[in-house]
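Some notes on the structure that comes next.
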Amino acid sequence: MSPQGFESLLVDPDTTLLQALSRLDATAQGVLLVTDASRQLLRTITDGDLRRATLAGLPPQAALASLPGGPAQTVGLGASMHDVLQLMDARRIDHVPVLDEQGRVVDLVTRRELSRRTYLSSPHLGDDEAALVREAFESNWIAPLGPHVDAFERELAAYVGVGHAAATSSGTAALHLGLRLLGVGPGDHVLCSSLTFVASANPIRQLGATPVFVDSEPEGWSMSPAALRATLAQLGREGLRPKAAVVVNLYGQSARMHELQPLLDEAGVPMLEDAAESLGATLDGRPSGSFGRLALFSFNGNKIITTSGGGMLVGDDAELIAHARKLSTQAREPARHYEHVEDGYNYRLSNVLAGIGRGQLRVLDQRVRRRREIYAHYARELAGVQGLRWMGEPAGHMGTRWLSAFTLELPEASRRRDALLDFLERHNVEARPVWKPMHLQPLYAGSRYFPHAPGEDVSRALFEGGVCLPSGSNMDEAQLAHVCELLLRGLRLLGTVR
Ligand SMILES: *Cc1c(COP(=O)(O)O)cnc(C)c1O
């Protein structure tokens, strides 16, 4: 049903039974909404109503107004999907019209929609994972270490074009190890992108260091070179040299490494590249995750490929990565007995999960293509919408569109964003706000923050108006078309579509 399709469900009370029948047939939603001239809902008409009217002997030319039956069950714009479902079950109905504050009918929720959820980004297995896991079972390599772990490390390192990789139990674990290996400890300052998932920042604090947050740039949304320059200059004046910088590649796209790297090099600050969201992306043909002194990936369930949970720390420095492996297995010294000098962790990826990862790596390029296709579809369908700006793909960048994301550039952006998310949720579609920046998190209250330009807080604006859309590579065409149609309907309600 197109947005015009929703409008085509509205009929006036003079409509005849015969006309209604043909409209029901054409719109194929099983329901029509009978409204007066001011869009007040008089009743709904279903196939069943028409059948009963015919059996009761009403002529095909009778008007809908003459049919028996009471007013429709409706909900307001504040209703949740749960409210709608309860009403459907209690009243044994399959359609619930939604009324705005003035009582005008503005939306319709169908049971068909509620029977199948559209996720933001859900796991998408390929053909080989089950066989690779079975191999682990059959060879009894259920123990944490094993041949799949070694092979997964080699294969991922080759894909990213780095020398070495250490597989970990999560991306967060890899980040924690990476910071430790760069020497971060109590009293240190560590730069970090503000617009990110909290896992990018937490290990900084957990190591006793102080995060200093850096704003985004407005086009590609990752770390702003201008803000980084200002940060380094100010800290330099205070005689502070950050121990490391966590640069996050947001939503499947590399940060502007060509501008960030020279600034960090000049200041002597090593980069830990948080590539958890950007596996498969390139910048001038160079794979994301190959820029930092160390970089990390995540294979959490919502990422572009998944091992259900897992991560990888990569880099060209063989010693650093070997040290990461040691720290991730309780930092045991090479001795027959259990000898420990350093503080270690239990952070290694299991052999079973590495088997899944190997299978997933084989379909990564397909997953990238599909996510980019999904983005292109959204961008095309929503091209006419005013006040909506997509995350950009700056020159030289090839992102994966891990999540298709836009921001509403309108007054009261966060209220509109929430209304749109509520609207989608009522239709069983999972969409999310853009990450809430770290400098706005209660957890990091009082932390230092450097904006893109004086008085221009880009990450805050992206958060306030930002929406991440369902982007999973396993969405089918019908789901994608449905989400587009809902977006147009929802955005029209918010007054952003002509
Ligand atoms: C997912 C994610 C992480 C953490 O990865 P996990 O595997 O979930 O621990 C870190 N940074 C960013 C930017 C992420 O999106």
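Numbering of ligands and ligand atoms starts at 1, following listing order.
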Original post:
Relative to each other, are the rings of His439 and Tyr449 parallel, tilted or perpendicular (30° and 60° limits)?
Top reply: parallel
Original post:
Does any N or O in the side chain of Arg416 come within less than 3.5 Å of the main-chain N or O of Pro411, such that one atom is a donor and the other an acceptor?
Top reply: yes
Subject >> Nitrogen or oxygen atoms of Gly171 and ligand 1 under 3.5 Å apart >> reply: yes
**OP:** Quick one: look at Thr172 and ligand 1, take heavy-atom pairs under 4.0 Å, and tell me if it's side chain, backbone, both or neither.
**Re:** both
Original post:
Is the closest heavy-atom distance from Ser200 to ligand 1 below 4.0 Å?
Top reply: yes
Subject >> Side-chain donor-acceptor pair present, Gln479, Arg116, cut-off under 3.5 Å >> reply: yes
Original post:
N/O to N/O below 3.5 Å, does that happen between Lys303 and ligand 1?
Top reply: yes
Original post:
Which ligand 1 atoms, with their elements, are less than 4.0 angstrom from a heavy-atom of Ser170?
Top reply: 7 (O), 9 (O)
**OP:** Enumerate the atoms of ligand 1 whose separation from the nearest heavy atom of Asn300 is less than 4.0 angstrom.
**Re:** 7 (O), 8 (O)
Original post:
Near Ala276, which atoms of ligand 1 are under 4.0 Å from a heavy atom of that residue?
Top reply: 2 (C), 3 (C), 10 (C), 11 (N), 12 (C), 14 (C)
Subject >> Option of least heavy-atom distance to atom 11 (N) of ligand 1 (set: Val198, Val246, Asp274, Thr168) >> reply: Asp274
**OP:** For Lys436, enumerate each residue passing the salt bridge (charged side-chain N to carboxylate O under 4.0 Å, His left out) test, keeping only those at least two apart in sequence or located in another chain.
**Re:** none
Subject >> Phe297 and Tyr159: CA distance, side-chain angles, deciding distance, ring-ring contact (aromatic ring centres under 6.0 Å, His included) verdict >> reply: CA-CA 12 Å; Phe297 296 103; Tyr159 184 92; 8.6 Å; no
Original post:
Under 3.5 Å, side chain of Arg426 to main-chain N/O of Ala79, donor-acceptor pair present?
Top reply: yes
Original post:
Is any N or O atom of Ser298, backbone or side chain, closer than 3.5 Å to an N or O atom of ligand 1?
Top reply: yes
**OP:** Answer yes or no for Gly310: is there a heavy-atom contact with ligand 1 below 4.0 Å?
**Re:** yes
Original post:
Between Arg180 (side chain) and Val184 (backbone), is there a donor-acceptor pair under 3.5 Å?
Top reply: no
Original post:
Got the closest protein heavy atom to atom 15 (O) of ligand 1, with its distance?
Top reply: Glu277 OE2, 2.6 Å
**OP:** Examine distances only and state if a side-chain atom of Glu217 and a backbone atom of Ser224 form a donor-acceptor pair shorter than 3.5 Å.
**Re:** no
Subject >> Check: Phe213 ring centre within less than 6.0 Å of Phe450 ring centre >> reply: no
Subject >> Atoms in ligand 1 flagged as close to Val248, the criterion being non-hydrogen separation under 4.0 Å >> reply: 13 (C)
Subject >> For Thr196, atoms of ligand 1 separated by under 4.0 Å from a heavy atom >> reply: 13 (C)
